Amino acid sequence: MLDGKYLRDNLETVSQSLATRGATPDLTAFNGLDQRRRDLLNEAETLKAERNTVSALIGKTKDKSQVQGEIVRMKEVSNRIKELDEELRSVEGDLRDFLLTLPNLPHAACPLGTSEEDNVEVSTWGAPTTFEFKPLNHWDLGERLDILDFERGVKIAGARFTLYKGLGARLERALINFMLDLHTDHHGYLETLPPFLVNRESMTGTGQLPKFEDDLFHTDDVDFFLIPTAEVPVTNIHRDEILTESELPLYYTAYTPCFRKEAGSHGRDTRGLIRQHQFNKVELVKFVRPEESDAELQKLLKNAETVLQLLNLPYRVVDLCSGDIGFSAARTFDIEVWLPGQQVYREISSCSTFGDFQARRANIRFRREAGGKPEFVHTLNGSGLAVGRTLVAILENCQQADGSVLIPEVLRPYLGGVEKIG
RNA sequence: GGAGAGGUGGCCGAGCGGCUGAAGGCAACGGUUUGCUAAACCGUCGUACGGGUAUACACCCGUACCGGGGGUUCGAAUCCCCCCCUCUCCGCCA
């Protein structure tokens with residue numbers, strides 16, 4: 001959420017900034033509402049002040065017949081206050097609803113652009129894997145090795161659900177453990193295991209609501225949402241809290257399944273594990289002081305890259321342009337892993353800084369010193385990594401001429417010493 | 001799911017229509033004292049919004065907030081209603 005006061009004073013700047021990401025909200029409507037709010041507040045508060053004074057006087061007066069006129073007059077004042085408060089509540093609701101639909105302002109360093117065509121490749125690691133045979137897609141490999149069962153996934157649940165079997169299931173679990181161990185033991189993150197269903201406030205805090213409810217799975221009988229990423233529950237760990245400066249920065253990691261409706265992506269990535277309604281992810285989340293968020297984003301990116309480097313999977317890093325970053329993000333680096341089966345780089349991690357956008361929504365603050373004024377923290381998060389897509393990358397990059405798949409060495413201890421599948 | 005108890009400031013805890021933004025204690029911060037540590041003593045010690053001085057993010061004024069929302073009243077932390085959450089017992093269950 002943007003700062004209403006900042007918006008009030010910088011309408012033109014905000015408008016131009018939002019335009020770079022393709023958003024053209026009606027900011028003049030905001031101005032009118034904001035002025036109306038202050039007018040109402042002023043009138044209501046003046047009346048309340050009078051009522052407080054007179055009521056105190058009434059309280060001190062023993063003989064109530066002396067103040068009967070004031071009592072009658074205050075009754076009218078109270079009625080007027082009630083009217084004003086009702087309208088104020090309505091205006092403030094509209095104001096908040098409006099602010100909640102505005103996306104974040106792009107970071108000053110975010111490259112300008114209108115679509116993913118304008119994203120900037122900032123680095124590559126390793127070279128696309130070459131083969132002396134024609135590499136297979138992971139879905140063919142997975143079925144031949146009998147570790148991925150797409151048909152039965154559909155039978156059990158539906159399209160975009162997959163059944164993992166045998167070493168497939170074990171490889172997924174190994175990856176989760178490997179990633180969590182790396183981030184906790186070597187990168188300084190605290191492991192958490194959050195709820196996979198969350199309430200409306202949490203979803204609003206990170207920015208999924210109110211605009212993207214259609215993308216979320218929701219439970220009917222109680223108002224819960226299935227998390228689309230661990231970012232939601234983990235960022236909300238500190239919702240409505242005032243942290244102390246000495247606690248910062250806070251690093252959390254969490255493995256969770258992620259649930260997404262993938263509305264609007266019908267027909268895209270229909271085969272294989274790339275786009276599922278349920279997938280596993282190890283997430284990294286940070287709460288930091290504003291002045292260190294840029295440096296923390298670079299460290300977060302490095303932490304995610306390390307996973308691929310240790311697995312020896314080639315990738316590139318892309319700096320997303322203003323037209324391609326997500327609703328809540330100020331700046332995002334995507335890590336894209338090389339997939340030989342399709343001869344493309346595919347997103348496997350998205351590392352973003354949100355500035356104070358989520359902190360403002362979720363009311364996450366910190367105090368620099370005892371008695372100091374609370375300030376909003378900056379929040380960041382990134383995948384470290386998407387587990388299903390990592391398994392895909394291993395299958396496709398590590399496939400052998402005989403149809404087997406060689407397990408990256410760092411994972412073998414997590415697979416009971418198994419060196420290859422098939 | 002049934003029955004009961006309860007939700008007050010960073011924490012504990014009093015208040016149960018006006019004198020309460022809220023006693024008291026703890027913690028924290030600043031200071032005094034003590035040869036260090038500890039202790040004692042003094043002071044400070046919520047947040048948000050609006051307005052003013054005025055540009056320093058400091059002070060002043062006002063308003064709101066005692067789980068959330070509504071109601072009664074001239075006046076509500078205090079009375080009434082609804083909801084949420086926590087705890088205890090029973091039931092069910094991994």
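Proteins come first, then strands; the chains are lettered A, B, ... in the order of their sequence lines, and each starts at number 1. Below, each value reflects all heavy atoms present in this structure, side chains not excepted, and no hydrogens, waters or symmetry copies. Everything numeric here is computed off the predicted structure, so don't read it as measured data.
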Could you work out which one of B:rG71, B:rA48, B:rA64 sits closest to the side chain of A:K373? B:rA48
For A:E191, the option from A:D185, A:T184, A:D181 that meets side chain to side chain contact (heavy atoms under 4.5 Å, CB included): A:T184
Out of B:rG46, B:rG50, B:rU72, minimum distance to the side chain of A:R367 belongs to B:rG46
Rounded C1' spacing from B:rG24 to B:rG35 in Å: 36 Å
For the side chain of A:R89, starting at C-beta, report the closest nucleotide among B:rG70, B:rC74, B:rG50. B:rG70
In whole Å, measure the gap between the C1' atoms of B:rA76 and B:rU33 for me. 47 Å
With the side chain of A:K5 defined as its heavy atoms from C-beta on, choose the nearest nucleotide among B:rC49, B:rG18, B:rG70. B:rC49
In terms of side-chain heavy atoms of A:P374, which of B:rC74, B:rU47, B:rG51 is nearest? B:rU47
Looking only at the side chain of A:R51 (C-beta and beyond, no hydrogens), which of the listed nucleotides B:rG71, B:rG70, B:rC74 gets closest? B:rC74
Using a heavy-atom cut-off of 4.0 Å across all strands, would you classify A:R8 as base, sugar-phosphate, or nothing? sugar-phosphate
I'd like to know if A:E262 and A:R268 make a salt bridge, using a cut-off of under 4.0 Å between side-chain N and carboxylate O. no
Judged by nearest nucleotide, the residue sitting upstream toward the 5' end of RNA chain B, A:E70 or A:E50, is A:E50
Nearest-nucleotide pick for A:S55, side chain only, options being B:rA64, B:rG75, B:rG50: B:rG75
Checking contacts here: which listed nucleotide (B:rG18, B:rC49, B:rA64) is nearest the side-chain heavy atoms of A:I58? B:rG18
Residue A:S78, side-chain atoms from C-beta onward, closest of B:rU63, B:rC74, B:rG50: B:rC74
Say we look at B:rC16 and B:rG75: how far apart would their C1' atoms be, to the nearest angstrom? 16 Å
Taking B:rA38 as the reference, what is the distance to B:rG15 when you measure between their C1' atoms (whole Å, please)? 36 Å
For the residue pair A:H183 and A:H187, does the interplanar ring angle fall in the parallel (under 30°), tilted (30 to 60°) or perpendicular (over 60°) class? tilted
Proximal nucleotide (of B:rU73, B:rG46, B:rG18) relative to the A:K64 side chain: B:rG18
